[in-house]
Amino acid sequence: MRLKVVLLGEGRVGKTSILFRYIRNEFQEKQQSTLQASYMDKKIKVGTTTAQLSVWDTAGQERFHALGPIYYRDADGALLVYDITDSESFTKVRKWVKELRKIVGGDINIVIAGNKIDLERNRQVEEKEVLEYAKSVGATHFYTSAKQNLGLEECFTDLATKMVQQNLTKLQGLAGGFQPKGGKSKLVVVDDTGEGKKSSGGGGCC
Amino acid sequence: MDSYGFQNNDRLAGDGEGDSSSSSRDNSTRDHNFVRFLKAISPPAASPILPPLDADYFASLTVRERAEFEHIAIAGFPVVYRINVYLSLTGGFVELVGGGRAGEEVDARTLDAINRDLDRTFPGHEYFEEENTQLELKRVLIRFALLNPSIGYCQGLNFIAGLFLLLTREINQTVHLLDYFAREIMPQGYYSEKMEGQYVDGLVFEHLARELFPKVYQKLKTLGLDFAISTFNWFATGFVNVFKDTESCYRVWDVCFVRKDGRFIMRVALALVGIMERDILKCGERKEAEDLFRVITRKVDIDALINLAEGLRMKGSFLRRGGDLDIEIASLRGHYRFKCEEAGMWDEDEEDK
């Protein structure tokens with residue numbers, strides 16, 4: 001199962017650092033600002049399912065949202081990153097949630113990451129506010145530190161679990177549609193990708 | 001490290017693929033031609049050292065001299081003269097730029113965006129790590145924002161400004177060159193709030209890749225590669241941080257400055273696709289092709305690339321129209337911009353949809 005995750009959030013909150021820490025276990029103290037959208041892959045096991053995560057990273061500035069749809073349109077999940085020492089960056093999380101819901105729809109799984117938890121002493125974003133907000137939009141929240149490698153495994157595992165579950169449910173749903181009487185073969189679904197998309201799945205096949 | 005002090009490696013381009021040691025090429029013939037040309041069009045200099053080129057040094061060139069000068073640009077300007085040529089060609093010696101007058105302040109949002117990038121512009125480079133350099137870069141970007149309120153600050157401008165600052169080591173001239181680059185060399189709306197110029201160029205690039213390299217185009221489409229995403233930073237910065245050395249980027253800019261036009265950037269992008277043709281056709285999956293796009297720029301020989309880019313022509317039925325790629329680029333930019341506008345892509349009320 002291939003799953004696409006996009007890292008979203010204001011500039012310099014640590015998206016690129018999260019990507020490199022999570023996938024390659026590397027960290028650079030001085031990270032150049034990111035312009036190009038790029039991704040790295042990682043295999044992750046959820047229950048009995050092995051999923052291939054493609055984690056996408058891109059520029060954080062808000063205006064790049066204008067180019068966003070080509071980048072996040074077919075995403076299964078989004079990790080919205082803010083910096084706990086930067087209150088402005090948390091307001092951007094709210095914007096992202098709205099935008100994703102508007103363009104991708106309610107289907108996309110969202111996890112929020114409060115990054116740079118190693119700088120707890122400089123915290124500017126109130127925990128209570130964050131947790132209430134996350135709950136209100138149905139997202140899980142994690143604290144992370146790319147620098148100290150904290151919380152990332154948990155964060156991605158949670159997101160992956162949600163995405164895998166959603167995908168399995170979808171597959172079952174599709175298979176169910178074609179197998180009204182508790183059939184056996186889920187592979188029937190494959191036929192659906194052919195021509196007769198318009199024909200109402202009712203009596204068409206076989 | 002290259003001759004400008006950059007460790008120009010790409011963490012994503014794969015291990016050891018990036019050749020960051022620039023080959024020390026022999027530019028003596030090229031530099032000699034440049035000097036000979038300058039001497040020919042100016043009164044004989046008393047000393048063997050040429051004076052700095054002043055404002056209208058190139059303004060009075062004849063058509064033939066212009067053509068020769070373009071050839072010189074294609075070969076690349078001598079490093080020591082480059083900044084003088086840029087300033088001279090753009091009126092940078094006389095035109096004092098406005099912006100940043102006492103009392104003028106940039107809005108908080110722009111300032112915040114600028115501040116986020118100052119120490120993330122070429123980190124690890126000795127000059128850009130200096131606090132003073134970062135302060136100068138800040139002044140440059142603020143003044144640019146004041147000059148261009150419709151742009152403010154857009155990520156990517158920091159890198160372009162950085163490469164100008166590295167040459168000028170001076171704020172006024174850097175502001176001037178950055179402003180010129182964003183306004184005259186790059187198409188309209190490259191750095192604006194909607195970044196529509198970059199979006200359009202993504203479409204133009206894909207269109208031309210299809211016309212010029214149909215087999216490659218087909219293959220990339222089959223693999224599912226996204227043209228705009230794979231080449232985003234080529235266009236966004238005019239190839240800053242893309243090649244194996246910084247000189248290669250300036251070489252592309254040399255041609256743009258002489259022509260006062262950035263269509264050469266599109267040509268170079270297309271030429272890169274051409275160079276990758278055989279490798280792309282061998283790709284088994286998307287990731288391989290995407291990696292090629294990252295790696296090719298770290299390997300390519302800039303002279304070969306520039307010559308190839310310069311020689312690109314439209315094919316087939318386009319030959320009737322002269323086959324001129326530059327004309328086609330301009331016309332496609334207009335075409336796609338119109339189509340996007342017609343589709344309401346950049347309308348203010350997205351909610352209406």
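Chain identifiers are assigned alphabetically (A, B, ...) following the order of the sequence lines, protein sequences preceding nucleic acid strands; residue numbering begins at 1 within each chain.
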Checklist entry - Using a cut-off of under 4.5 Å for heavy-atom pairs, which of A/Leu35, A/Thr58, A/Asp86 has the most such pairs with chain B? => result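 Ranked by contacts with chain B, first place is A/Leu35.
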Next on the checklist: I'd like to know which of A/Glu29, A/Glu88, A/Gln28, A/Gln31 tops the heavy-atom pair count under 4.5 Å against chain B.
Outcome noted: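 Looking at each option in turn, the highest pair count goes to A/Gln28.
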Checklist entry - Do A/Gln61 and B/Tyr153 have a side chain donor and acceptor closer than 3.5 Å? => result no
Checklist entry - Does anything in residues 38-48 of chain A get under 4.5 Å of chain B by heavy atoms, and if so which residues? => result A/Ser38, A/Tyr39, A/Met40, A/Asp41
Item to check | Salt bridge flag under 4.0 Å for residues B/Glu285 and A/Arg2 | outcome: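 Looking at A/Arg2 together with B/Glu285, the answer is no, because their closest N to O distance does not fall below 4.0 Å.
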Item to check | Distance, nearest 0.5 Å, that separates CD of B/Glu206 from CG of B/Leu332 | outcome: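 So the CD of B/Glu206 and the CG of B/Leu332 are separated by 12.0 Å.
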Next on the checklist: Which one wins on heavy-atom pair count under 4.5 Å against chain A: B/Ala236, B/Ser192, B/Gly124?
Outcome noted: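 So the answer, after comparing B/Ala236, B/Ser192, B/Gly124, is B/Ser192.
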Checklist entry - Do B/Trp253 and B/Phe164 make the cut of ring centroids closer than 6.0 angstrom? => result yes
Checklist entry - Is it the side chain or the backbone of B/Phe159 that comes within 4.5 Å of chain A heavy atoms, both, or neither? => result side chain
Checklist outcome for this item: Cut-off 4.5 Å, heavy atoms of chain A, and the answer for B/Glu196 is neither
Next on the checklist: Within the 4.5 Å heavy-atom criterion, are A/Arg123 and A/Ile117 side-chain neighbours or not?
Outcome noted: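 A/Arg123 vs A/Ile117: side chains touch.
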Checklist entry - Taking the side chain as C-beta and beyond, is there a heavy-atom pair between B/Tyr336 and B/His207 under 4.5 Å? => result yes
Next on the checklist: Tell me every residue that passes salt bridge (Lys or Arg N to Asp or Glu O under 4.0 Å) with B/Glu126, counting only those two or more places apart in sequence or in another chain.
Outcome noted: none
Checklist entry - What pairs meet the salt bridge (charged side-chain N to carboxylate O under 4.0 Å, His left out) rule with one or both residues in residues 50-62 of chain A, with sequence neighbours excluded? => result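 Sorted pair list: A/Glu62-A/Lys92, A/Glu62-A/Lys95.
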[Y] backbone acceptor or donor facing [X] side chain under 3.5 Å:
| X | Y | answer |
| --- | --- | --- |
| B/Thr133 | B/Tyr127 | yes |
| A/Ser89 | A/Asp83 | yes |
| A/Gln52 | A/Leu3 | no |

Checklist entry - Which residues in residues 222-232 of chain B have a heavy atom less than 4.5 Å from any heavy atom of chain A? => result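 Interface residues of residues 222-232 of chain B: B/Asp226, B/Ala228, B/Ile229, B/Ser230, B/Thr231, B/Phe232.
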Next on the checklist: Applying the ring-ring contact (aromatic ring centres under 6.0 Å, His included) criterion to A/Trp96, which one of A/Phe90, A/Tyr72, A/Phe64, A/Tyr82 satisfies it?
Outcome noted: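 Result: among A/Phe90, A/Tyr72, A/Phe64, A/Tyr82, A/Tyr72 is the only option passing the ring-ring contact (aromatic ring centres under 6.0 Å, His included) with A/Trp96.
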Next on the checklist: So for A/Thr34, is it side chain, backbone, both, or neither that comes closer than 4.5 Å to the heavy atoms of chain B?
Outcome noted: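 Interface part for A/Thr34: backbone (N, CA, C, O).
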